[in-house]
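Some notes on the structure that comes next.
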Amino acid sequence: MKTFIKSALVSASILFFCGICWASEGYRTYGMAELQNIHCMGNGKLCVYGREGEIFQIFGSPYSGPSMLGLLSDDETAQLEASSRRTRGTAIWEHSLTGDDGKTVATICDFVSYSGNALVRRIVSDREIGFDCGACFEERYRIHADAMSFEPADLEGFESAWKVTIAPGVPFYSRYKSGGGYSYYIATAGKARIVSFEEASKMLHIEAEPGESLIYVIASDKDGEGSTPNLEENARTIAETSWRKLRRECRREWREYSGPQRKIDCKALARKDRRELREAVDNVGTMLKAQQGEEGGVLAGIVYHMVYVRDHYGVSRAMLALGHSEEARKVLQFYFDIFSEYGYIRNAQAAGWKGVFHPHENDETEITGYLIVQAFDYYEKTGDAAFIEKIMPMLEWAASAQQKNIVKGMLPFNGDETYIAGGVVPRSVMYHGSAEATLLFIEGGNKLLDFVSSRGLWSDEKTASLRKDIDTCTSLYRSNFFVDGRFYLNNPEREEGIEYPETRPGVCLYPGYLEHYLETYHYKGPLYFCKDCMERDMSEIEIPEPQRYSIPSAFLFPFYIDASLFTEEEKENLLQEVIDLYLKTGKISSQDRILGYDYGMFLYALARTGNPLAGEVYRKMMDMRDETGAWVEYYVDGVPNGCPCRPWESGINIEAALEYAASGTTSNP
């Protein structure tokens, strides 16, 4: 992994957000467009995203925190060439900086400590190098610069220190605000000192003279109500503990976690491929854990500081495949804790801040289906019936929420559903029947009924009610979603005659607008606009003509969830359509944009059926990884697009790779 830091930051691409890390009105500001190859470090309380010695986000506790703090090379240091590697089995990163003559100028070791809750940076340099620590945030956070304050601090055991405070109410994603403030100490030791502070840019400048230097970003813990009572205690812990001891403790914690991954059997692969897969397993396993907050939820990548139900299905399956059943249980526990307090789950929820939800259209469908299927994946892997009984109230709610949305044997789309959110199909399909949401209801509902019936947990009336709805959806499924033998993602007939709600959370659909709001208003048909857009000119607004969409990705979904509703012949016929498209065009979609897990689902199905094409698809999927070994949110013509450091896509793909390794379709000369 070798590139020039500065040139990498200005490389051109068309991605999720616009903007780069640059000086604007004094502030160091960035967007996600150019920031690929991102790695994550975290201990469940303090989360850090960076690349090659640059730290773009430092936030927490908790993990749903605003990205207003960073640690960046100054202009002169940024001219040095950077290369990075991660210590295997850990989230400890080593960086080397070299000059024009190719000689190493400095080495940097970064990790997040378990004692003291701090980002620890150790530098050994042959010359003076500099860093800027302070206000480095996404363009949208610039308006909150006044919420960030700095003051010098007198901390025993450090060469220099400043305190940074972020006031309560700064949003950590979209319009969702943190319930309390955040406090940090920026501290140095050894040959590093904070030499200046620029009020206009809210940036501390740190100089590290030749020799050994230490830079710390020490965070406070949250007590559940947003206060930060132990910042001083954490600072004392860091001051009294050598960086080597902190690193040993960090390595020990990580290697205890990564132990199960080292036991994964890759012997069916050729020796070179074995090494590659073990490395991929280590990369993805580390990335998942680094983004898992202490409450159990996993962040959805550097862009999304929230916890998404849909994403956690792929995450949980990957955890189970990698041997991390305890982490998979914690994900379900996270949701159950929220459900126990509020009686519902939404599309996404904050990690660590009570009652902060990111709702979307139709949150009673699809994500509720994923919750049930995820719970029984965990049960089938672990046999932990006691835990399933514990979270049964949540699973019962998830089933009944779906039942309320059945029309003509179909459930609608969730507003943050992959195809809709990714622009693969238009948002006008929202109230159509969804083949995947309906299938999740059937498959999850059957597993739920088997469990409660075998243990006598429900009344006959409740059992019969769910059975009736599952049977209705099952009996109508083929007529709803197969037309002339072709499988379709949606069915417009569900929308006929439904009563549209007057308001709903989600996206304003006024042409060219597409912004998310906590409340939008019904205009006509499937169209909902925000309050401001309801006052705009409507003379040329027309209801979109309903269409059916046949998406290759959807053909693979029955394989992925091992749907019992489909016969093996039906699944193999759907797979064959994707194979034919791939052999004809070299692609698995008729569109230029594909989902980050499309090749993973394709590989999973090929491996399950023993198709010899699996080897070629495995190679293509593995080659799509970024320099950290992760997959991203989307790809456009093979180019990464959207959010990097993605657990959902990476989780699906690594599970598919393991399925391939165990399938017998590989060759080991």
Side-chain angles (χ1 to χ4, degrees), residues 14-19 31-33 139-140 143 173-175 303 347 358-366 405 407-408 410-437 480-481 483 486 488-551 553-554 589-595 633-634 636-637 641-642:
I14 303 172
L15 298 173
F16 193 85
F17 285 123
C18 296
M32 297 325 305
E139 181 70 20
R140 57 187 166 157
I143 61 173
Y173 176 69
S174 186
R175 297 171 174 82
V303 174
N347 168 62
H358 176 49
H360 245 291
E361 302 93 340
N362 297 335
D363 269 355
E364 290 187 328
T365 67
E366 192 197 24
N405 287 274
V407 175
K408 300 180 180 178
M410 296 177 280
L411 280 81
F413 289 83
N414 175 269
D416 206 29
E417 190 273 341
T418 305
Y419 306 113
I420 291 175
V424 178
V425 297
R427 286 189 171 270
S428 57
V429 307
M430 196 75 63
Y431 293 109
H432 294 188
S434 163
E436 291 190 3
N480 277 329
F481 298 109
V483 178
R486 187 159 185 79
Y488 287 90
L489 178 69
N490 65 311
N491 184 345
E493 292 177 4
R494 184 189 176 278
E495 193 172 19
E496 296 172 1
I498 69 166
E499 184 175 337
Y500 297 100
E502 292 184 9
T503 66
R504 71 182 190 191
V507 173
C508 173
L509 299 180
Y510 194 87
Y513 203 56
L514 294 179
E515 290 286 339
H516 186 275
Y517 286 88
L518 293 178
E519 193 165 44
T520 61
Y521 300 84
H522 184 234
Y523 170 57
K524 63 180 178 180
L527 300 180
Y528 282 76
F529 305 142
C530 67
K531 184 177 181 180
D532 290 340
C533 286
M534 287 293 286
E535 305 300 321
R536 294 178 181 233
D537 178 23
M538 303 291 185
S539 59
E540 297 185 7
I541 301 292
E542 296 181 359
I543 298 177
E545 190 69 27
Q547 295 183 44
R548 284 185 180 264
Y549 295 90
S550 190
I551 309 294
S553 296
S589 173
S590 57
Q591 300 183 6
D592 294 333
R593 183 185 182 91
I594 66 168
L595 309 174
E633 193 172 13
Y634 306 104
V636 177
D637 285 333
N641 184 275

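Keep in mind that this is a model prediction, so the values were computed, not measured.
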Side-chain contact, heavy-atom cut-off 4.5 Å: [X] with [Y]?
X: Y634; Y: V424; result: no
X: R593; Y: N641; result: yes
X: C533; Y: Y523; result: no
X: M410; Y: F481; result: yes
X: P544; Y: L527; result: yes
X: E361; Y: R427; result: yes

To check you understand the geometry: which heavy-atom pair defines the closest contact between [X] and [Y], and what is its length?
X: V429; Y: V425; result: CG2-CG2, 4.1 Å
X: H522; Y: P501; result: CB-O, 3.6 Å
X: S589; Y: I594; result: CB-CG2, 3.8 Å
X: P426; Y: I420; result: O-CG1, 4.4 Å
X: I543; Y: P526; result: CG2-CD, 3.7 Å

From [atom1] ([X]) to [atom2] ([Y]), nearest 0.5 Å:
X: L489; Y: I551; atom1: CG; atom2: CD1; value: 6.0 Å
X: N490; Y: S428; atom1: CG; atom2: OG; value: 9.0 Å
X: S553; Y: L595; atom1: OG; atom2: CG; value: 4.5 Å

- [ ] Identify, with sequence neighbours excluded, every residue that meets ring pair (Phe, Tyr, Trp, His ring centres under 6.0 Å) alongside H432.
- [x]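 None.
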Open item on the list: Could you tell me if Y419 and E436 have a donor-acceptor pair between their side chains, going purely by distance under 3.5 Å?
Closed with: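 Yes.
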Task: Between Y488 and Q547: side-chain donor-acceptor atoms closer than 3.5 Å - done: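 Side chains of Y488 and Q547: no pair found under 3.5 Å.
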Task: The single option from E364, R494, E366 passing side chain to side chain donor-acceptor pair (under 3.5 Å) against N405 - done: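 For N405, the side chain to side chain donor-acceptor pair (under 3.5 Å) check succeeds only for E364.
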Open item on the list: Go through it in stages, so that I can follow the logic: the residues are T520 and M534, the test is side-chain contact (heavy atoms from CB on, under 4.5 Å), and I'd like the CA-CA distance, side-chain angles, deciding distance and then a yes or no.
Closed with: CA-CA 9 Å; T520 61; M534 287 293 286; over 6 Å; no
Using a 3.5 Å distance criterion without hydrogens, assess whether the side chain of [X] forms a donor-acceptor pair with backbone atoms of [Y].
X: N414; Y: N362; answer: yes
X: N491; Y: N480; answer: yes
X: S434; Y: L411; answer: no

Open item on the list: For K524, is the NZ atom crowded, meaning more than 12 foreign heavy atoms sit under 6.0 Å from it?
Closed with: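 Yes, because the 6.0 Å sphere around NZ of K524 holds more than 12 heavy atoms from other groups.
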Open item on the list: Given K408, which partner from the list E493, E496, E495 fulfils the salt bridge (charged side-chain N to carboxylate O under 4.0 Å, His left out) test?
Closed with: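 When salt bridge (charged side-chain N to carboxylate O under 4.0 Å, His left out) is applied between K408 and each of E493, E496, E495, only E496 qualifies.
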Open item on the list: Over 60° means perpendicular and under 30° means parallel, so tell me whether Y173 and H358 are parallel, tilted or perpendicular.
Closed with: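 Perpendicular, since the angle between the ring planes exceeds 60°.
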Task: Whether F529 and Y510 hold their rings parallel, tilted or perpendicular, with breakpoints at 30° and 60° - done: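 Perpendicular, since the angle between the ring planes exceeds 60°.
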Task: From CA spacing to verdict: side-chain contact (heavy atoms from CB on, under 4.5 Å), M430, R504 - done: CA-CA 12 Å; M430 196 75 63; R504 71 182 190 191; 4.1 Å; yes
